[in-house]
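Structure incoming, see below.
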Amino acid sequence: MNTNPDAAVASQEEISAEISALHQEYERSKSQGGAEETNVRLNFPPYRSSLLRHPTKSLHHADPEEIELHSPAFGDRDVSPLEADLTIQHGGEPIGERIVVVGRVIDADGHPVPHQLVEVWQANAAGRYIHKRDQHPAPIDPNFTGVGRILTNANGEYSFTTIKPAPYPWKNHHNAWRSAHIHFSLFGTAFTQRIVTQMYFPGDPLFDLDPIYQSITDPAARDRLVAQYDHTVSQHEWNTGYRWDIVLSGTNRTWTEQEEQ
């Protein structure tokens, strides 16, 4: 694992070769009866900072009741339906392709998971986050903050109206670009029950070049992070639509980020 601060000088060709070698190693292991890897590898060398981002100490059980005494609480009255529309939070129309993302939150048996808090955050149509650490020389849209939230309904369904995000550069290696994505955070019945994941868009040409996306070595598990275009969700002269279900458990569960220690 290269933790050298100058690791960004590595070329895309070098990163892609490392990804290919690790994927081939996984396929050989699986063909010989090895276990399927349906989650991200904690240490994935092409993703240079993965060694620094994953837990390095043993996990400790916490007392949920003690934590919840000091944690925020939320309910139906705390989350406005307007928060699920990221295009109406300011005084004007945001720039970019208006999209609607819908889906269901389900368990391993396909049962809906109702009344779950779902949060999203994303870059704008130019690939820029509203964050002081994002100094990417792309324009900030004054009419788009890129954050929203919703509670799933009784059928476990959610729906967000937003702007399709653009890819953006990052410092993993030379000429490194992230695939366009939307971050999702889901809370269970308590603040100690939280998962974070990412949704991608079909046909992205950067998939093969993105070591974060490729750090899930099993191709079927990777595919579960990609939304499907759904023309029934699109609206005449208003928005295109995507559908993405989130599976919380079981062999088909959606990949989620590891908690940092």
Side-chain angles (χ1 to χ4, degrees), residues 1-27 36-56 101 119-131 133-136 138 146-147 162 164-186 194-227 242 244 246-247 253-261:
M1 176 68 184
N2 189 350
T3 58
N4 188 315
D6 295 325
V9 300
S11 68
Q12 181 65 63
E13 289 75 15
E14 292 172 306
I15 295 294
S16 295
E18 293 179 25
I19 292 172
S20 178
L22 289 167
H23 285 190
Q24 291 175 22
E25 174 189 283
Y26 166 69
E27 292 298 335
E36 287 189 343
E37 294 184 8
T38 58
N39 212 332
V40 66
R41 288 191 178 184
L42 294 181
N43 181 10
F44 191 72
Y47 176 16
R48 294 303 197 225
S49 62
S50 63
L51 178 63
L52 304 177
R53 292 174 62 88
H54 72 73
T56 58
V101 179
E119 300 175 327
V120 294
W121 64 96
Q122 63 171 92
N124 65 20
R128 183 79 182 268
Y129 285 98
I130 303 296
H131 193 289
R133 293 185 62 184
D134 188 349
Q135 298 300 311
H136 171 208
V147 295
T162 186
K164 189 174 183 180
Y168 57 82
W170 62 310
K171 299 183 183 299
N172 187 73
H173 54 277
H174 180 69
N175 198 19
W177 290 81
R178 286 293 334 269
S179 306
H181 59 277
I182 297 176
H183 298 268
F184 275 71
S185 166
L186 289 87
R194 186 193 185 204
I195 62 172
V196 178
T197 186
Q198 298 178 18
M199 185 206 88
Y200 295 86
F201 294 88
D204 194 317
L206 292 170
F207 280 156
D208 290 345
L209 308 177
D210 185 343
I212 292 183
Y213 177 73
Q214 295 294 334
S215 64
I216 304 170
T217 52
D218 187 85
R222 283 199 304 274
D223 289 344
R224 289 195 284 271
L225 294 183
V226 182
Y242 294 87
W244 190 57
I246 301 171
V247 183
R253 70 187 293 265
T254 304
W255 165 82
T256 59
E257 296 180 11
Q258 299 293 320
E259 296 182 2
E260 296 184 21
Q261 295 294 297

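If you're wondering where the values come from, they're calculated on a predicted model, not measured in any experiment.
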Just wondering, do E27 and P219 contact through their side chains at under 4.5 Å, heavy atoms?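 Yes. Closest side-chain heavy atoms under 4.5 Å.
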R41/E25 under salt bridge (Lys or Arg N to Asp or Glu O under 4.0 Å): CA gap, chis, key distance, verdict: CA-CA 13 Å; R41 288 191 178 184; E25 174 189 283; 3.7 Å; yes
The test is side-chain hydrogen bond (donor to acceptor under 3.5 Å, both in side chains); show your working for Y200 and Q198 and say whether it passes. CA-CA 7 Å; Y200 295 86; Q198 298 178 18; 2.7 Å; yes
Could you tell me whether E37 and R222 have a side-chain N and a carboxylate O separated by less than 4.0 Å?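 Not counted as a salt bridge, because no side-chain N and carboxylate O are separated by less than 4.0 Å.
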Would you check if the distance from the ring center of W121 to the ring center of Y129 is below 6.0 Å?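 Here the rings of Y129 and W121 have centres that are no less than 6.0 Å from each other.
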Spell out, as yes or no, whether a donor-acceptor pair under 3.5 Å connects the side chain of W244 to the backbone of R224.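 Yes; judged by distance alone, with no hydrogens or angles, the pair exists.
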Quick one, T38 with D218, criterion side-chain hydrogen bond (donor to acceptor under 3.5 Å, both in side chains). Give me CA distance, side-chain angles, the key distance, then yes/no. CA-CA 6 Å; T38 58; D218 187 85; over 6 Å; no
Taking S16 for its side chain and Q12 for its backbone only, find out whether a donor-acceptor pair lies under 3.5 Å.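 Yes; judged by distance alone, with no hydrogens or angles, the pair exists.
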CZ-CG distance between R178 and N172, expressed to the nearest 0.5 angstrom: 9.5 Å
Nearest 0.5 angstrom please: H173 NE2 to E13 CD, how far? 9.0 Å
With a 4.5 Å limit on heavy-atom distance, are the side chains of P46 and L22 in contact? yes
What's the verdict on side chain to side chain contact (heavy atoms under 4.5 Å, CB included) for F184 and I246, showing C-alpha distance, side-chain angles and the deciding distance? CA-CA 10 Å; F184 275 71; I246 301 171; 3.9 Å; yes
Can you find a pair of side-chain heavy atoms, one from E119 and one from V147, that are under 4.5 Å apart?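 Of all side-chain heavy-atom pairs linking V147 with E119, none is under 4.5 Å.
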Spatial distance of atom CE (M199) from atom CD (Q122) [nearest 0.5 Å]: 8.5 Å
State, yes or no, whether a side-chain contact exists between E18 and F44 at a heavy-atom distance under 4.5 Å.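 Counting from C-beta outward, E18 and F44 never come under 4.5 Å.
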